[in-house]
2 protein chains.
Amino acid sequence: MSAVSCTAAVGRPRAFDMQTALEKALDVFWTKGYDGASLSDLTSAMGINKPSLYSAFGNKEQLFLKAIEFYESRPCGFFKPALEQPTAYEVAECMLLGAAKSMSDTSHPQGCVMVQGALSCSEAAAGVKEVLIDRRQQSESEVRDRFELAKNQGDLSKDEDSEALARYLCTVINGIAIQASSGATEKQLVDVAHMALKSFPRNS
Amino acid sequence: MSAVSCTAAVGRPRAFDMQTALEKALDVFWTKGYDGASLSDLTSAMGINKPSLYSAFGNKEQLFLKAIEFYESRPCGFFKPALEQPTAYEVAECMLLGAAKSMSDTSHPQGCVMVQGALSCSEAAAGVKEVLIDRRQQSESEVRDRFELAKNQGDLSKDEDSEALARYLCTVINGIAIQASSGATEKQLVDVAHMALKSFPRNS
DNA sequence: CTTGTATTGTACTAAAGAGTATATAACCCC
DNA sequence: GGGGTTATATACTCTTTAGTACAATACAAG
């Protein structure tokens, strides 16, 4: 009944840190994809047994959804900071360079779990595939909205097609994700980012 | 001993057409990926039983390899014809537009099996993933060589970096593959292709 | 028509998949 | 310290996985 109960400290306390375990699970899904990640892979990476996984996270699908939710909100993410750049061009530049650097970073799996988590997949993964498609579409819409804002702020010509610009940007970033997961180096991807920027309208 | 024996007509004849069955298998791998495609999926799509599959194609991995070999050599492919365009710019244009149209074509699964066949995957698929990475790298090298030829033929400035141009082109195409498999329309992808072309050096 | 060869369908195997039952252990509140 | 509650580890379930054994069948060559 207590409305201020924080973390419900009743019963045997959990012997593992949920956040740490979630990050380990993310690494597994990122590397192997939803279909390719078995519960054995997950539990051994997380350092827990199956009943602990199920009681803490529900099931494999819910674990995946929580993992990508964390992924999108990570402080080291490149997407949200880029949107806060002052001009549309700088948003594109920051996002492309951020993607190139982040996705080739060897301190975590290469590429982007939002892309490679479930691209072509079994029926069992159809749900998470849909979620990933929605999230990517959502991101594209955020970029488009940012470019619409730029038009109003005057740093992007009203003649430009915000939606097409956003789609182009996200397409290149998806391509960078594929290249990164194929082993491309940071320099190679940064070069690609710079080439892609040449297409982007610059005000000055 | 006969050196001219064609198709070895001894024993019970095969009751199905291997090429047709291979094309059905390709569709399954294209849609579900290597990990997501089960033998039941494959045999039912191919209209044969497992022993027929194993005797005709070896095993799941060899079937996949034969399927992508066919995929790459299909007459409707966009890659090889693009390389035969007269100038580097036209190669890029033809390839980007071809990718946009081919990958959104609804007469077969959307996207590109060379990308989505095995991106993030289980250990069981590690071998085919490596093969796909190699093939994509090979394609990139073919584009680079074509641009080197263009330099010699004079339609591409010797100051350009063929390798970087090829990588940029292939990155955008990979991105288009992701967008297509996420449901993007032909028009949307053609727009992306045109935007990407703006970065490409044009002679005239 | 017999013999040899290769394919076919059914039925099987062994392993791995996701998820769960249960008994035990660890904690808080009273 | 006892009762209620929750997490833990082991051991289990049932389904699906990739791959195969085998008997029956269909053809070509002789």
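By convention in this document, chain letters (A, B, ...) are assigned in the order of the sequence lines, proteins followed by strands, and residues within each chain are numbered from 1.
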Would you kindly give the [atom1]-to-[atom2] distance between [X] and [N], to the nearest whole Å?
| X | N | atom1 | atom2 | result |
| --- | --- | --- | --- | --- |
| A:L42 | C:dG19 | CG | P | 11 Å |
| B:L39 | C:dA16 | CG | C1' | 14 Å |
| B:D35 | D:dA18 | CG | C1' | 13 Å |
| B:I48 | C:dT8 | CD1 | P | 8 Å |
| B:L53 | C:dA6 | CG | C1' | 17 Å |
| A:F64 | C:dG19 | CZ | C1' | 19 Å |
| A:L63 | C:dA18 | CG | P | 11 Å |
| A:E123 | C:dA18 | CD | P | 16 Å |

| Is it the case that B:K66 places NZ or CZ above or below the six-membered ring of B:F57, under 6.0 angstrom from the centre and within 45 degrees of the axis? | no
| Can a cation-pi geometry be assigned to A:K101 and A:F78, taking NZ or CZ under 6.0 Å from the six-membered ring centre and within 45° of the ring axis? | no
| query | Of A:P51 and A:S38, whose closest DNA chain C nucleotide lies nearer the 5' terminus? | reply |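 The answer here is A:S38.
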| request: Identify, between A:Y54 and A:P13, the residue whose nearest nucleotide on DNA chain C lies closer to the 5' end. | output: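 Result: A:Y54.
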So does [X] get a side-chain nitrogen or oxygen closer than 4.0 Å to the phosphate oxygens (OP1/OP2) of [N]?
| X | N | answer |
| --- | --- | --- |
| B:R14 | C:dT7 | yes |
| B:S40 | D:dT17 | yes |
| A:N49 | D:dA9 | yes |

| message | Regarding B:E163 and B:R167, does a basic nitrogen lie under 4.0 Å from an acidic carboxylate oxygen? | response | yes
| field | Charged N-O contact under 4.0 Å between B:K32 and B:D41 | value | yes
| request: When you get a sec, tell me which of C:dA18, D:dT8, D:dA18 is the closest nucleotide to the side chain of B:K60? | output: D:dA18
| request: Run the ring-centre check on A:F147 versus A:F200 and record whether the distance is less than 6.0 Å. | output: yes
| query | Does A:R12 get its side chain close enough to the base of D:dT6, under 3.5 Å, for a donor-acceptor pair? | reply |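 Per atom types, no contact qualifies.
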